[in-house]
A.B. asks: 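I'd like to ask some things about the structure below.
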Amino acid sequence: MTDVTPVANNFIRQIVLDERAAGKHGGRVVTRFPPEPNGYLHLGHGKSICLNFGIAREFGGVCHLRFDDTNPSKEDIEYVEAIKADVQWLGFEWDVLRHASDYFEVFYRCAEKLIRDGKAFVCDLSAEQVREYRGTLTEPGRNSPWRDRSVEENLDLFRRMRAGEFADGAKTLRARIAMASGNINLRDPALYRIRKVSHQNTGDAWCIYPMYDYAHSLSDAVEGITHSLCTLEFEDHRPLYDWCIQHVDLPHHPELVQPLREAGLTATVSTPRQIEFARGNLDYTVMSKRKLMALVQDGLVAGWDDPRMPTLSGARRRGFPPAAIRTFWERAGVTKQNSVIEFSVLEGCVREVLDATAPRRFAVLDPLKLTITNLPEDHSESLTFPNHPKNEAFGTRAVAFSRDLLIERDDFFEVPPKGFHRLVPGGEVRLRGVGIVKCTEVEKDAGGNVTGVCCTLDADTRQGLPGAERKVKGTIHWVSASHALRAEVRLYDRLFTGADPDDTSDGKTYEDHLNPNSLRVVTGYLEASLAQAEPETAVQFERLGFFVADRRDHAAGKPVFNRTVTLRDSFAKPAR
Ligand code: ATP
Ligand code: MG
């Protein structure tokens with residue numbers, strides 16, 4: 001990824017710029033992010049959050065967080081809290097927090113207005129009959145036999161629906177639009193249904209609940225939203241969105257929002273404009289709440305914030321910096337073309353941010369003993385290392401050095417592969433910050449496995465001394481065996497093996513595509529300074545990758561680090 005970031009391709013930003021130039025909306029920008037609290041947010045939601053909050057921020061506007069809680073049975077307060085935390089973690093703050101359910105009384109009044117205007121009717125058709133009457137893409141629908149009820153009868157029935165006189169599914173309130181419309185969404189869609197369930201926010205106050213398109217468009221208008229940004233699947237719903245806005249006509253009917261004023265809520269109504277953009281998709285990832293929920297419920301991951309999950313809370317726990325996610329979506333741009341972005345592009349953004357922000361540390365994850373035989377047994381020294389190779393502002397730290405060290409097992413080979421430039425019997429390698437050592441002896445167990453190596457140190461080759469100029473090809477890192485901090489280190493890999501886990505063509509489900517090696521837990525030996533790391537501290541273990549102290553399980557005395565990402569994109573692409 002280059003440093004020269006072009007102005008990202010974002011057609012919505014361009015629309016706002018053009019509108020401002022033309023003096024529309026008085027230059028005001030009010031957006032909203034409208035999650036349904038029926039699961040945790042994923043990286044795709046991150047795109048919508050960055051877009052809505054980003055546009056508002058860029059143009060001096062405001063963005064609302066609105067819980068679309070119109071579907072009582074699937075929603076939960078746990079999700080509400082998780083969503084708020086995720087939005088803030090991503091770096092955004094809402095100006096107004098609302099729930100669609102705050103507007104239930106307004107929606108109800110709007111429905112009575114539509115009835116009085118002859119624009120809505122109570123229908124007794126069952127769900128199955130409604131489907132029958134609806135027609136198909138090629139055939140028009142048929143009018144419901146209840147379509148021509150009088151205003152009085154409709155008002156009476158609708159009030160009795162609200163009062164709980166009818167069973168679930170016995171009646172619906174439907175818009176009276178056009179059963180012959182080429183757009184099925186306009187064939188007298190339901191506006192209200194009866195559901196006798198309690199609601200997380202309104203309790204048992206209601207037994208009729210508004211349908212999505214109706215509630216969504218009116219919520220936008222009630223809140224004074226100027227730009228209602230949503231994903232492409234709502235394109236066909238836009239005529240219904242506009243129909244609701246137009247026929248309810250809030251700007252000319254202030255009495256409809258009176259309940260809000262009484263509740264002490266502001267109501268600066270607007271005529272919002274819906275604009276659709278393409279969803280963000282990533283390969284090697286599923287991004288449907290239903291599927292993510294199944295992974296959690298089936299115990300295939302350790303929870304919504306499992307570091308392998310593509311949820312925002314999973315990314316956080318994995319150690320992805322919020323800035324990397326913002327940069328990623330900024331670069332991805334906003335268009336109307338559906339596409340799938342490689343997960344490695346996101347990982348590239350993560351590396352870029354962490355390279356600049358994460359201090360360097362030494363850690364050995366697969367240890368091999370290295371003894372420096374020409375040092376006294378009690379040799380103990382404190383060496384100073386810079387915390388960042390490119391940024392002096394990170395300062396320095398002391399690292400304990402002694403005679404008995406640990407190095408990575410694969411930094412030594414008895415019979416080295418071709419091109420191997422690190423330690424071999426009789427060979428030399430530079431120990432970071434120490435000098436050049438020569439391998440004089442290899443220790444083995446009865447089974448012939450290498451258990452340690454003995455070396456001599458050429459003391460003249462330490463940095464600052466004349467011998468430091470002497471060249472050897474490899475440099476390796478180390479930790480002092482007696483000073484090292486033992487830690488649980490979780491090595492994460494991708495959750496799915498296939499680029500398209502949703503591909504079911506060979507009769508598989510996405511759960512069949514799970515990577516059995518997506519988590520490997522090892523004991524790591526870390527330099528002692530990490531004992532003080534707070535949860536969520538990001539570091540680079542030199543030569544190994546970026547790691548983060550686990551947000552939940554890491555504690556003083558029980559260090560737990562997660563691998564966020566390796567240093568290079570080592571992900572093998574399947575042969576094509
Ligand atoms: P899912 O299909 O996973 O259940 P959803 O779209 O139903 O997701 P919502 O809670 O309704 O989930 O989403 C809140 C907002 O985030 C909506 O405006 C939705 O369009 C947007 N959004 C959801 N997924 C994506 C995505 N992959 N890319 C961009 N925006 C998204
Ligand atoms: Mg949705």
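The structure displayed is predicted, hence computed values, not measured ones. Whatever order the structure lists them in is the order used to number ligands and atoms, beginning at 1.
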A.B. asks: Does the ring centre of His199 sit less than 6.0 Å away from the ring centre of Phe104?
C.D. replies: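 Yes, the ring of Phe104 comes within the 6.0 Å limit of the ring of His199, centre to centre.
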
A.B. asks: Could you tell me if any non-hydrogen atom of Glu233 lies under 4.0 Å from any atom of ligand 1?
C.D. replies: no

A.B. asks: Any side-chain donor paired with an acceptor under 3.5 Å for Asp305 and Ser313?
C.D. replies: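 No.
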
A.B. asks: Which residues pass the side chain to side chain contact (heavy atoms under 4.5 Å, CB included) test with Asp503, not counting sequence neighbours?
C.D. replies: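 Result, side chain to side chain contact (heavy atoms under 4.5 Å, CB included) vs Asp503: Asp500, Ser505.
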
A.B. asks: Does His45 reach ligand 1 with a nitrogen or oxygen that is under 3.5 Å from one of the ligand's nitrogen or oxygen atoms?
C.D. replies: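 For ligand 1, there is an N or O atom that lies under 3.5 Å from one belonging to His45.
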
A.B. asks: Checking Tyr103 against Arg98: is there a side-chain donor and acceptor pair closer than 3.5 Å?
C.D. replies: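 Judged by distance alone, the side chains do pair up.
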
A.B. asks: Just wondering, do Val130 and Tyr133 contact through their side chains at under 4.5 Å, heavy atoms?
C.D. replies: no

A.B. asks: Side chain or backbone, does Gly280 bring an N or O within less than 3.5 Å of an N or O on ligand 1?
C.D. replies: yes

A.B. asks: Between Arg290 and ligand 1, which residue portion shows a heavy-atom distance shorter than 4.0 Å: side chain, backbone, both, or neither?
C.D. replies: neither

A.B. asks: Quick one: side chains of residues 203-211, donor-acceptor pairs under 3.5 Å with protein atoms, not counting sequence neighbours, listed by atom name and distance.
C.D. replies:
from   : atom 1 : to     : atom 2 : distance (Å)
Asp204 : OD1    : Ser198 : OG     : 3.0
Tyr209 : OH     : Val197 : O      : 2.9
Tyr209 : OH     : Trp206 : O      : 3.2

A.B. asks: So, are Asp242 and Arg238 salt-bridged, with charged N and O less than 4.0 Å apart?
C.D. replies: no

A.B. asks: Students often mix this up, so state it plainly: with edges at 30° and 60°, are the rings of Tyr40 and Trp304 parallel, tilted or perpendicular?
C.D. replies: parallel

A.B. asks: Does an N or O from Lys47, backbone or side chain, lie closer than 3.5 Å to an N or O of ligand 1?
C.D. replies: no

A.B. asks: For Ser288, take its heavy atoms, then give the atoms of ligand 1 lying under 4.0 Å from any of them.
C.D. replies: 3 (O)

A.B. asks: Is Glu19 paired with Arg273 through a side-chain N to carboxylate O contact shorter than 4.0 Å?
C.D. replies: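 Looking at Glu19 together with Arg273, the answer is yes, because their closest N to O distance falls below 4.0 Å.
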
A.B. asks: Which ligand 1 atoms, with their elements, are less than 4.0 angstrom from a heavy-atom of His42?
C.D. replies: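 Selected atoms, number and element: 3 (O), 24 (N).
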
A.B. asks: Between ligand 1 and Arg279, is the shortest N or O to N or O distance under 3.5 Å?
C.D. replies: yes

A.B. asks: Does any N or O atom in Thr231 lie less than 3.5 angstrom from one in ligand 1, N or O only?
C.D. replies: yes

A.B. asks: Does any N or O atom in Lys289 lie less than 3.5 angstrom from one in ligand 1, N or O only?
C.D. replies: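 N/O-N/O distance below 3.5 Å exists for this pair.
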
A.B. asks: Any atoms of ligand 1 less than 4.0 Å from a non-hydrogen atom of Ser48? List them with their elements.
C.D. replies: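 Within the 4.0 Å cut-off of Ser48, ligand 1 contributes 16 (O), 21 (C), 30 (N).
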
A.B. asks: Could you tell me which atoms of ligand 1, counted from 1 in the order shown, lie closer than 4.0 angstrom to a heavy atom of Met287?
C.D. replies: 3 (O)

A.B. asks: Do ligand 1 and Gly44 have nitrogen or oxygen atoms that lie under 3.5 Å from each other?
C.D. replies: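 The answer is yes, given that Gly44 and ligand 1 share an N or O pair closer than 3.5 Å.
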
